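Taking it in order: structure first as structure tokens, then the write-up.
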Protein chains: 2
Amino acid sequence: MTPLRLGKVQLQIMQILWRHGRVTARQITDELSQQSPIAHSTVQTLLRKLEAKGAVAHEVVDRTFVFVPLQEQADVTESAARDLLTRVFGGSVYGLVAHLLRHEKIAPDELARLRQLIDKEGQQKKP
Amino acid sequence: MTPLRLGKVQLQIMQILWRHGRVTARQITDELSQQSPIAHSTVQTLLRKLEAKGAVAHEVVDRTFVFVPLQEQADVTESAARDLLTRVFGGSVYGLVAHLLRHEKIAPDELARLRQLIDKEGQQKKP
DNA sequence: CCGGTAAATCTACCCCGGTAAACGAACAAG
DNA sequence: CTTGTTCGTTTACCGGGGTAGATTTACCGG
């Protein structure tokens with residue numbers, strides 16, 4: 001299980017795949033182009049590279065490719081998060097969270113939910 | 001102020017720079033080689049690339065280069081964290097922290113300190 | 001049957017991180 | 001003076017992300 005490193009656009013493609021489950025290259029191009037224009041062939045190239053890597057697969061429906069994600073979102077999220085955690089924060093969850101609290105603005109209700117979450121986590125000492 | 005993208009080894013070099021303030025290329029090579037062997041010329045090449053990017057500078061002392069970091073650790077940390085936050089967690093601090101709590105094992109005392117930190121953050125509503 | 005349309009493939013760049021050998025300069029020891 | 005060591009510089013290569021034009025393939029409508 002190699003960590004599977006994904007680039008910026010590749011991640012965006014995977015996210016579209018995860019949201020919709022089954023999409024054509026054209027759909028991906030359209031959705032990506034809403035943010036910044038991108039050539040259809042570029043998307044196709046990246047999809048081929050993703051497929052070569054085992055991150056996606058395609059089925060042929062009506063002579064057009066329908067792509068499906070193979071790599072789980074949870075896995076990619078996990079490896080990306082752990083990557084930042086270890087490389088930048090030396091593995092300290094406290095360090096990362098402290099940084100987020102200090103440098104990112106957080107809505108008060110989010111903060112409240114966070115406190116609840118941590119409390120619940122603390123309760124799970126004795127199962 | 002471009003985000004300044006750094007690779008894996010480049011980040012390690014910057015971290016050594018940040019720890020020591022002023023180091024020679026040799027010191028960096030030695031320190032990096034404790035983890036995984038790396039050629040001295042590789043380190044020098046990366047240092048040149050970092051300098052070309054404005055991340056470091058060098059002074060000449062006794063005919064050898066002494067490198068100093070120009071880019072602040074806080075800035076790099078910040079951009080890396082925000083990068084993950086926006087690209088993977090859609091900007092949701094809650095999402096990222098929740099992920100960390102769920103998937104990373106955290107020492108009980110770290111959890112306690114986290115709760116304190118969040119409480120203190122909550123108090124700063126009315127200054 | 002023919003031309004348009006749309007999809008897929010081929011091919012070719014550029015950039016940059018990482019890797020390192022090869023070369024050159026300068027000094028230190030003998 | 002010659003040789004070896006230690007720097008720094010030059011140069012080259014690989015891999016992979018990103019980009020996209022050009023080309024082929026296949027269908028569909030007139």
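Per chain, numbering begins at 1; letters A, B, ... match sequence-line order. Source: prediction; values computed, not measured.
To the nearest angstrom, C1' of C:dT19 lies 14 Å from CD of B:Gln12. Put simply, CZ on A:Arg48 is 14 Å from P on D:dG18, counting in whole angstrom units. Going from atom CG of B:Leu46 over to atom C1' of C:dC15 covers 15 Å, rounded to whole Å. A:Gln10 has its CD atom 5 Å from the P atom of D:dG17, to the nearest Å. Distance A:Ile13 CD1 to D:dG16 C1': 14 Å, rounded to the nearest Å. Look at CZ on B:Arg5: it is 12 Å from C1' on D:dG16, rounded to the nearest Å. We find that CG of A:Leu6 is positioned 13 Å from P of D:dG16, with the value rounded to whole Å. Separating the CD1 atom of B:Ile38 from the P atom of C:dG17 is a distance of 14 Å, rounded to the nearest angstrom.
Summarising the geometry of B:Leu47 relative to B:Ala25, their closest heavy-atom pair is CD1-CB, 3.8 Å, with the distance given to 0.1 Å. The two residues B:Val76 and B:Leu11 come nearest to each other via the heavy atoms CG1-CD1, 4.1 Å. Across every non-hydrogen atom of A:Leu111 and B:Ile118, the tightest pair is O-CG2, 4.2 Å.
Residues of residues 58-91 of chain B having a heavy atom closer than 4.0 Å to DNA chain D, listed by number: B:Thr64, B:Phe65. Non-hydrogen atoms lying under 4.0 Å from DNA chain C are contributed by nothing in residues 25-36 of chain B.
Checking side-chain atoms of A:Glu104 against main-chain N and O of A:Leu101 turns up no donor-acceptor pair under 3.5 Å. With hydrogens and angles disregarded, a donor-acceptor distance shorter than 3.5 Å links the side chain of B:His103 to the backbone of B:His99. Although no hydrogens or angles enter the test, the distance criterion places no donor-acceptor pair under 3.5 Å between the side chain of A:Trp18 and the main chain of A:Ile13. Using modelled atom types, no side-chain atom of A:Thr42 and backbone atom of A:Ile38 make a donor-acceptor pair closer than 3.5 Å. Checking side-chain atoms of A:Gln116 against main-chain N and O of A:Arg113 turns up no donor-acceptor pair under 3.5 Å.
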For this session: Toss me the dot-bracket line for DNA chain D: Watson-Crick and G-U wobble, both under 3.5 Å, 5' to 3', using | for pairs to another strand and [ ] for crossers.
Result: ||||||||||||||||||||||||||||||

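In this structure, the separation between CG on A:Leu100 and CG on B:Leu100 is 7.5 Å, given to the nearest 0.5 Å. Considering OG1 of A:Thr77 and CZ of B:Arg87, their distance stands at 13.5 Å, rounded to 0.5 Å.
Under 4.0 angstrom from either OP1 or OP2 of D:dA20 there lies at least one side-chain N or O belonging to A:Thr42. Distances shorter than 4.0 Å separate none of the side-chain N or O atoms of B:Lys53 from OP1 or OP2 on C:dC16.
Taking the ring axis of A:Phe67 as reference, the NZ or CZ atom of A:Arg22 does not stay both within 45° of it and closer than 6.0 Å to the ring centre.
Closest to the B:Thr45 side chain, of the nucleotides C:dA8, D:dT11, D:dT19, is D:dT11.
Comparing B:Lys49 and A:Ala39 along DNA chain D, the residue whose closest nucleotide (by nearest heavy atom) sits nearer the 5' end is B:Lys49.
Annotation: A:Glu72, atom CD; neighbour count of heavy atoms from other residues, nucleotides and ligands within 6.0 Å does not exceed 12.
B:Lys8 comes within 4.0 angstrom of the backbone, heavy atoms only, and of no base.
You won't find any donor-acceptor pair under 3.5 Å spanning the side chain of A:Ser41 and the base of C:dA8, going by distance alone.
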